[in-house]
Amino acid sequence: MSTVIEDYLKAIYKLQSSTRKVSTSALAERMGVTAPSATSMITRLSELGFVRHDRYRGVELTEAGARTALEVIRHHRLWELYLAEVLRVPLDQVHQEAERLEHALSDELEERIDDALGHPALDPHGDPIPTREGKVSEEGARPLSTVAVGVEAVVSRVPDSDPALLRYLGELGLLPGQRVRLTERAPFGGTLFIDVNGQRRVLSDELAQRVLVTE
Ligand SMILES: [Zn+2]
């Protein structure tokens, strides 16, 4: 299967998890292509049995499409963890490497990586790794911006694809597994003050929306 097809299926899967209806224009924007070229790809994916498309419901993955998307996502996240843990690739670089490697992984190597890592449930950004059967558990994490003042929480998930953002979160100590406590919040969606290992950190509400925590 072509790399481009796999990338489209993955993009549709991710858009489906964040919006109800996936439009051609949203998909085109995500893939960085024009609407006509996204439209012709959707036609091709539909001929291959990977998506259904109508103007009212938008683009939807079929079961075969979802299975393929989850397999690519599994590859991606296993690679990220392998690169970070075994090869010590810095966290802000593993996503870009995994974007290429995800398309080239035999079932045998996938199993060896999974074994070597001890059948992990999460990648280094805290994103769940789908099982080989295509099951994925999106547990109840919520944005750090919604935590109440005085409450302790643990960072569980950070965005994976923006290296500068990841380096910044690393400098603040806000990576998965870190315990934090919200000490103060300016009113009307303003700045958040957070205690991280006894250090006072200042965070914009916008950034705090992108860091997920569990309590
Ligand atoms: Zn990634």
- Query: In Å and rounded to the nearest 0.5 Å, what is the OG1 to CE distance from Thr24 to Met41?
  - Reply: 13.5 Å
- Message: Taking side-chain contact (heavy atoms from CB on, under 4.5 Å) as the definition, give me every residue that meets it alongside Asn197, ordered by chain and number, with sequence neighbours left out.
- Response: Gln178
- Compare all side-chain heavy atoms of Leu45 with those of Leu61 and state whether any distance is below 4.5 angstrom. no
Return all side-chain donor-acceptor pairs below 3.5 angstrom for residues 25-33, not counting sequence neighbours, or 'none' if the list is empty.
| from | atom 1 | to | atom 2 | distance (Å) |
| --- | --- | --- | --- | --- |
| Ser25 | OG | Ser23 | OG | 3.3 |

- Message: So which atom in Trp79 and which in Ala98 form the shortest heavy-atom distance, rounded to 0.1 Å?
- Response: CB-CB, 4.0 Å
Would you list the atom pairs, donor with acceptor, under 3.5 Å between side chains in residues 128-137 and any protein atom, with sequence neighbours excluded?
| from | atom 1 | to | atom 2 | distance (Å) |
| --- | --- | --- | --- | --- |
| Thr131 | OG1 | Glu133 | N | 3.3 |
| Thr131 | OG1 | Gly134 | N | 3.3 |
| Thr131 | OG1 | Lys135 | N | 3.0 |

- Message: Assigning hydrophobic clusters by single linkage (Ile, Leu, Val, Met, Phe, Trp, Tyr; side-chain heavy-atom cutoff under 4.5 Å), is Leu109 placed with Leu101?
- Response: yes
- Task: First locate atom CG of Leu165, then atom CG of Leu169, and finally report the distance between them rounded to the nearest 0.5 Å.
- Result: 4.5 Å
- Run the side chain to side chain contact (heavy atoms under 4.5 Å, CB included) check on Arg74 and Leu70 step by step: do they pass? CA-CA 6 Å; Arg74 173 174 165 79; Leu70 282 163; over 6 Å; no
- Message: Quick check: do Pro143 and Val211 have side-chain heavy atoms less than 4.5 Å from each other?
- Response: no
- Message: Once side chain to side chain donor-acceptor pair (under 3.5 Å) is applied, what residue pairs with a partner in residues 40-53 remain, sequence neighbours excluded?
- Response: none
- Linked, directly or transitively: Val72 and Val4 (ILVMFWY side chains, under 4.5 Å): no
- Message: So which atom in Val155 and which in Leu175 form the shortest heavy-atom distance, rounded to 0.1 Å?
- Response: CB-O, 3.5 Å
- Task: Show the numbers, then the answer: is there a side chain to side chain contact (heavy atoms under 4.5 Å, CB included) between Ile12 and Val51?
- Result: CA-CA 9 Å; Ile12 296 166; Val51 303; 3.9 Å; yes
- Is there a donor-acceptor pair closer than 3.5 Å between any side-chain N or O of Thr146 and the backbone N or O of Arg142? no
Do any side-chain atoms of residues 81-90 form donor-acceptor pairs under 3.5 angstrom with protein atoms, and if so which ones, sequence neighbours left out?
none

- Query: Could you give all pairs that pass the side chain to side chain donor-acceptor pair (under 3.5 Å) test and reach residues 180-189, with sequence neighbours left out?
  - Reply: Glu184-Arg200
- Note on the structure: Closest non-hydrogen contact found for Gly126 with Leu122 is O-CD2, 3.6 Å
- Look at the side-chain heavy atoms of Ile, Leu, Val, Met, Phe, Trp and Tyr, link any pair under 4.5 Å apart, and say whether Val149 and Val213 land in one connected group. yes
- Shared hydrophobic cluster, Leu91 / Ile113 (ILVMFWY, side-chain heavy atoms < 4.5 Å): yes
- Using a 4.5 Å cut-off on heavy atoms from C-beta on, say whether the side chain of Leu182 contacts that of Val151. no
- Message: Between Arg57 and Lys21, is there a side-chain heavy-atom distance shorter than 4.5 Å?
- Response: no
- Query: Taking all atoms of both residues into account, what is the closest heavy-atom pair of Ala69 and Tyr13, and its distance?
  - Reply: CB-CB, 3.8 Å
- Note on the structure: Here the pair of heavy atoms bringing Leu192 nearest to Ala208 is CD2-CB, 4.0 Å
- Task: Sequence neighbours left out, what passes side-chain contact (heavy atoms from CB on, under 4.5 Å) with Glu71? Give chain and number order.
- Result: His75, Asp107, Glu110
- Task: Quick one: list whatever passes side-chain hydrogen bond (donor to acceptor under 3.5 Å, both in side chains) with Gln209, sequence neighbours left out.
- Result: Asp205
- In a check of side chain to side chain contact (heavy atoms under 4.5 Å, CB included) between Leu144 and each of Leu203, Leu212, Leu207, which one passes? Leu203
- The complete set of side chain to side chain donor-acceptor pair (under 3.5 Å) pairs with one or both residues in residues 147-171, sequence neighbours excluded, reads Asp92-Arg167, His95-Asp160, Asp127-Arg157, Glu138-Arg157, Glu152-Arg179
- Item | Test side-chain contact (heavy atoms from CB on, under 4.5 Å) applied to Ala64 - qualifying residues, sequence neighbours left out | Phe50, Thr62, Arg67
- Message: Between the side chains of Lys10 and Glu102, is the shortest nitrogen-to-carboxylate-oxygen separation below 4.0 Å, so that they form an ion pair?
- Response: yes
- Task: Would you indicate whether the side-chain heavy atoms of Val196 and Leu172 approach each other to under 4.5 Å?
- Result: no
- Taking only residues two or more places apart in sequence, or in another chain, which ones meet Asp195 in a side-chain hydrogen bond (donor to acceptor under 3.5 Å, both in side chains)? none
- Find out whether Gln93 and Gln96 are in side-chain contact, i.e. whether some heavy atom of one side chain is under 4.5 Å from a heavy atom of the other. no
- Query: Which residue pairs satisfy the side chain to side chain donor-acceptor pair (under 3.5 Å) criterion with at least one member in residues 115-126, sequence neighbours excluded?
  - Reply: Glu80-His125, Asp114-His119, Asp115-His119
- Hphob cluster co-occupancy, Val94 + Leu105, side-chain heavy atoms under 4.5 angstrom: yes
